[in-house]
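Taking it in order: structure first as structure tokens, then the write-up.
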Amino acid sequence: MNDMVMKMESEHWFTVGRLSEIPRRGARQIILPRGPIAVFRTQNDKVYAIDDKCPHKGGPLSQGIVHDGSVTCPLHNWVIDLQSGSAMGTDQGCVRTYAVRTDENGLVSVSLAAPSE
Amino acid sequence: MSKKLVVIGNGMAPGRALERLLDQAPEAYEITIFNAEPRVNYDRIMLSPVLSGEKTYQDILIHDDAWYEKHGITLKKGCKVTAIDCAGKTVTGADGSVAAYDKLLIATGSAPFIIPVPGKDLEGVLAYRDLDDVEAMLAAAEKGGSAVVIGGGLLGLEAAAGLKERGMDVTVLHLMPTLMERQLDTAAGYLLERAIEARGIKVVTGANTHEIVGDGKVEAVRLDDGTEIPADIVVMAVGIRPNAGLAKEAGLEVNRGIVVDDAMQTSDPDIFAVGECVEHRGHCYGLVAPLYEMAKVVAERLLDKEAGYEGSVTSTRLKVTGIDLFSAGDFAEGKDREEIVLRDAAGGIYKRLVVRDDKLIGIVLYGDTRDGAWFFQLMKDETPIGEMRETLIFGQNYAGGSPLDPTAAVAALPDDAEICGCNGVCKSSIVGAITEHGLTSIDGVRARTKASASCGSCTGLVEQLMSLTLGEGFTPGAVQPMCGCTDLGHDDVRRLIVAKELKSIPAVMQELEWKTSCGCAKCRPALNFYLIADWPGEYQDDYQSRFINERVHANIQKDGTYSVVPRMWGGMTSSAELRAIADVVDKFGIPTVKVTGGQRIDLLGVPKENLPAVWADLNAAGMVSGHAYAKGLRTVKTCVGTDWCRFGTQDSTGLGVKLEKMLWGSWTPHKVKLAVSGCPRNCAEATCKDIGVVCVDSGYEIHVGGAAGMHVKGTELLCTVPTEEEALEYCAAITQLYREQGRYLERIYKWMDRVGLDAIREQVVEDEARRTALFEKFLYSQRFAQRDPWAERVAGTDSHEFTPLNRIAAREAAE
Ligand SMILES: Cc1cc2nc3c(=O)[nH]c(=O)nc-3n(C[C@H](O)[C@H](O)[C@H](O)COP(=O)(O)OP(=O)(O)OC[C@H]3O[C@@H](n4cnc5c(N)ncnc54)[C@H](O)[C@@H]3O)c2cc1C
Ligand code: SF4
Ligand code: SF4
Ligand code: FES
């Protein structure tokens with residue numbers, strides 16, 4: 001990786017907390033000026049970050065039930081895929097996703113610039 | 001003259017590198033090896049068989065003394081290198097000897113991580129890394145006694161199995177909720193835990209070690225929750241750290257491990273590194289397969305040949321005799337991934353394959369690992385699985401094969417398993433009646449055995465027993481499955497939870513052959529309720545399987561704020577309570593205060609972060625959660641009865657308060673609302689509640705099955721009882737019966753429609769023994785359920801629910 005890319009990235013990665021602070025099959029919120037982001041941890045310790053706003057009627061996805069790699073919205077049960085941010089099944093809609101990484105010390109960082117591939 | 005090669009460390013990785021080097025160019029280098037361990041190169045991964053007694057040290061030697069001699073290698077045993085001088089190209093040993101090199105190979109391996117708890121330095125605290133550790137364990141085991149192994153990963157479990165084999169009393173402490181969580185998903189972790197426990201090893205999960213206790217020598221391990229486990233030895237197997245300190249002091253680039261490029265070269269071109277001490281492309285490895293691949297590359301590079309290491313895909317197997325498990329790759333979930341799950345409860349088999357873009361990317365096998373290597377190859381080669389997709393999970397030798405048998409779960413039940421709970425009929429009586437009397441219809445079985453003749457919730461199971469006994473001759477009626485994760489209906493799942501004594505969600509999912517690995521938002525809350533209802537005091541509530549309202553004990557509103565409803569027993573309140581409520585409203589600026597239909601006060605628009613503070617104030621005024629959010633008892637509405645009303649026949653308010661005090665806190669399939677009216681004028685609207693009591697001159701009419709929601713339905717009269725005590729007992733018995741038979745999210749009226757009022761009357765009114773049993777079971781469950789969830793949270797339970805993980809200010813976020 002060249003220096004330029006490293007630098008650009010480091011400006012946008014925010015360490016938000018420890019993996020152990022997020023319950024398995026659960027989520028925590030990160031509060032940003034323009035609204036909250038939800039950081040999820042699955043049963044297998046995969047971490048995902050998406051806007052905490054359901055594409056249906058804005059329900060707080062961080063409060064939903066997490067199963068496999070998806071969350072069921074607490075308001076009207078839409079199921080959102082955590083990796084792509086899109087609604088599953090017949091529902092249509094998508095929330096913004098963020099790249100996340102966990103380092104070897106269990107610190108979780110979220111990139112507020114780049115959408116995760 | 002040949003060049004000088006110095007090797008630091010004499011483990012498996014450099015051993016392999018030297019073999020390859022000597023094979024190709026025996027004369028290229030004059031080799032000196034420094035080894036901190038006072039011995040030759042042996043097969044470290046075989047330490048577990050040495051511990052358990054299946055092998056001896058001699059059996060696991062890789063290179064004996066003769067080998068070093070034959071190749072003219074100087075092996076300095078028990079001599080640790082203390083410094084590297086990169087500029088002067090020398091290394092210094094602990095004995096003061098200095099060796100010059102042209103090329104240096106660092107292979108210092110890794111060191112066990114010792115958790116920094118008090119007592120970690122006591123005599124008897126061991127790691128599990130080398131032969132010395134094994135010898136210390138064997139010496140301890142000779143005296144018998146007990147061992148505690150901290151860490152339920154690969155090494156910890158192997159150590160535990162070995163020590164048990166040697167006759168010690170062994171307990172494994174594991175921080176996480178399931179064993180080997182890095183390599184296994186929960187289902188496989190559950191099976192593994194069962195298998196480990198079956199060998200007499202105790203397993204404590206979720207165990208955080210607080211301290212190792214002892215006076216000079218280990219005596220016990222104390223956990224955070226205060227439990228003490230006696231121990232003569234403690235083996236710490238919680239992880240490893242690359243041994244990179246020496247390289248770092250020498251000024252080489254070191255992150256977690258010694259940083260190498262694809263040529264296995266460190267930041268100094270004359271220094272190579274190999275094995276567990278290195279970090280390559282951000283990865284450190286802890287298994288031999290990748291180390292051997294690295295070794296190959298190092299050997300070539302030392303001979304100035306082209307070769308590159310590109311990282312490895314690894315797989316894990318546990319080497320405990322009798323336990324077969326295999327895992328590899330990435331088995332997290334995602335929309336772009338599909339999973340193929342095969343569970344065979346009878347055979348104790350669980351297999352899960354994760355597929356992405358038509359390629360295998362993750363494998364978990366438990367119980368039958370024969371196809372591990374084949375799957376692993378498919379994964380490494382990224383073979384498209386297209387054609388094989390349907391049958392892939394059955395493995396390489398799959399030929400035809402029949403689809404999974406839906407009656408397998410029933411077939412596996414023991415003969416004395418109770419199938420019909422109402423009438424106490426066991427499997428063998430049903431099967432016996434079918435064969436003896438040539439029964440071919442469900443009605444026939446009902447007539448002969450009474451099985452499924454009462455509430456009918458075991459009909460599915462009885463039908464499966466019939467098709468099991470009669471074969472093709474009988475086709476059971478279609479059961480509506482609980483959700484897409486299983487073919488079983490709610491009733492079957494409930495009966496099987498009891499019959500097979502399943503006491504956790506992973507246990508249910510494995511034993512009942514769930515088709516997904518982690519369930520869904522439909523089945524998980526249902527299973528959580530069934531397990532709570534069936535195993536009070538034993539089952540550990542699975543918090544993450546509850547809907548948000550029951551997790552934070554308040555109702556989520558459309559804007560993401562919450563509403564707070566304190567309990568008002570029987571709809572009674574006081575000036576002190578009202579004042580406290582008013583104060584809370586002012587203090588927290590609560591925007592809406594509303595009187596509910598259940599005779600209490602709803603505070604709406606409370607942000608989640610404020611909930612604990614609001615509750616603290618309400619608690620201080622003596623108020624507790626009204627469970628207005630729960631699938632559980634909500635309210636008991638009352639009228640003023642004989643206290644004030646000129647028509648009142650009984651103390652309806654008093655009874656309402658008593659009912660609410662008895663029933664509060666209980667979890668039920670759906671919400672439960674009660675009301676007590678003091679006379680048939682029915683001012684409390686008792687006849688549209690789940691359970692209603694209408695007081696009459698001669699006593700108390702008990703009504704069931706009303707509803708005033710989406711459907712409006714009047715209750716049915718169940719019976720009339722003469723005393724208040726009986727009214728209480730009957731209401732509790734009905735609630736308990738509903739808890740045992742109701743499907744999750746089925747209101748009482750729907751349950752009643754399904755099983756029939758007669759079935760309820762039979763068990764609650766006519767059968768006194770059954771009623772008493774239901775009543776007692778209910779009271780027993782309440783011992784565990786009646787805790788004010790607000791007070792618990794004010795005291796700090798689940799505090800993570802009420803605070804964001806982090807806040808990022810506008811300036812920082814720079815969006
Ligand atoms: C009990 C056990 C079971 C295992 N089971 C498996 C398994 O089933 N499958 C699998 O793939 N892997 C397994 N492993 C892991 C495997 O053994 C290691 O990955 C492998 O041995 C690492 O080899 P290495 O050469 O990098 O390091 P090591 O084998 O650790 O060798 C490093 C050597 O360097 C010496 N040393 C360190 N510092 C210095 C110094 N400054 N000067 C001189 N010498 C020094 C050490 O004393 C040590 O002898 C197991 C490990 C253990 C402990
Ligand atoms: S139900 Fe009867 S006792 Fe109760 S308030 Fe109405 S009239 Fe009075
Ligand atoms: S009737 Fe109930 S669910 Fe419908 S809007 Fe009113 S409060 Fe909400
Ligand atoms: S707001 Fe999420 S499902 Fe309606």
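Sequence lines set the chain letters: A, B, ... in the order given, protein chains first and strands last, and positions in each chain run from 1.
Proximity to chain A (any heavy atom under 4.5 Å) is restricted, for T516(B), to the side chain, taken from C-beta onward. For V66(A), the part lying near chain B is the backbone, with the side chain staying farther off; criterion is any non-hydrogen pair under 4.5 Å. Within the 4.5 angstrom heavy-atom criterion, only side-chain atoms of I22(A), from C-beta onward, approach chain B. Contacts between N255(B) and chain A at a heavy-atom distance below 4.5 Å are absent for every atom of the residue. Within the 4.5 angstrom heavy-atom criterion, only side-chain atoms of L75(A), from C-beta onward, approach chain B. Heavy atoms of R551(B) lying under 4.5 Å from chain A belong exclusively to its side chain. Only the side chain of K608(B) comes within contact range of chain A, with heavy atoms under 4.5 Å apart.
Judged as a salt bridge (Lys or Arg N to Asp or Glu O under 4.0 Å), the pairs with a partner in residues 47-57 of chain A (not counting sequence neighbours) are, in order, R34(A)-D51(A).
Relative ring orientation between W78(A) and H56(A) is described as parallel, the plane-to-plane angle staying below 30° on a 0-90° scale split at 30° and 60°.
In terms of heavy-atom pairs under 4.5 Å with chain B, the best-connected choice from E104(A), Q29(A), Q63(A) is Q63(A). Ranked by heavy-atom pairs shorter than 4.5 Å toward chain B, the options P23(A), P74(A), G17(A), G59(A) are led by P23(A). Per-residue heavy-atom pair counts under 4.5 Å with chain A were compared for D798(B), T178(B), D542(B), and the maximum is reached by D542(B).
Of the charged side-chain nitrogens involved, none lies within less than 4.0 Å of a carboxylate oxygen, so that K631(B) and E550(B) do not count as a salt-bridged pair. Taking a cutoff of 4.0 Å between a charged side-chain nitrogen and a carboxylate oxygen, D541(B) and R546(B) qualify as a salt bridge.
Just one of L191(B), L365(B), L184(B) meets the side chain to side chain contact (heavy atoms under 4.5 Å, CB included) condition when paired with Y350(B); it is L191(B).
Atom CD of Q540(B) has 12 or fewer neighbouring heavy atoms from other residues, nucleotides or ligands inside a 6.0 Å radius. Summarising the local packing, NZ of K515(B) is surrounded by more than 12 heavy atoms from other residues, nucleotides or ligands at distances under 6.0 Å.
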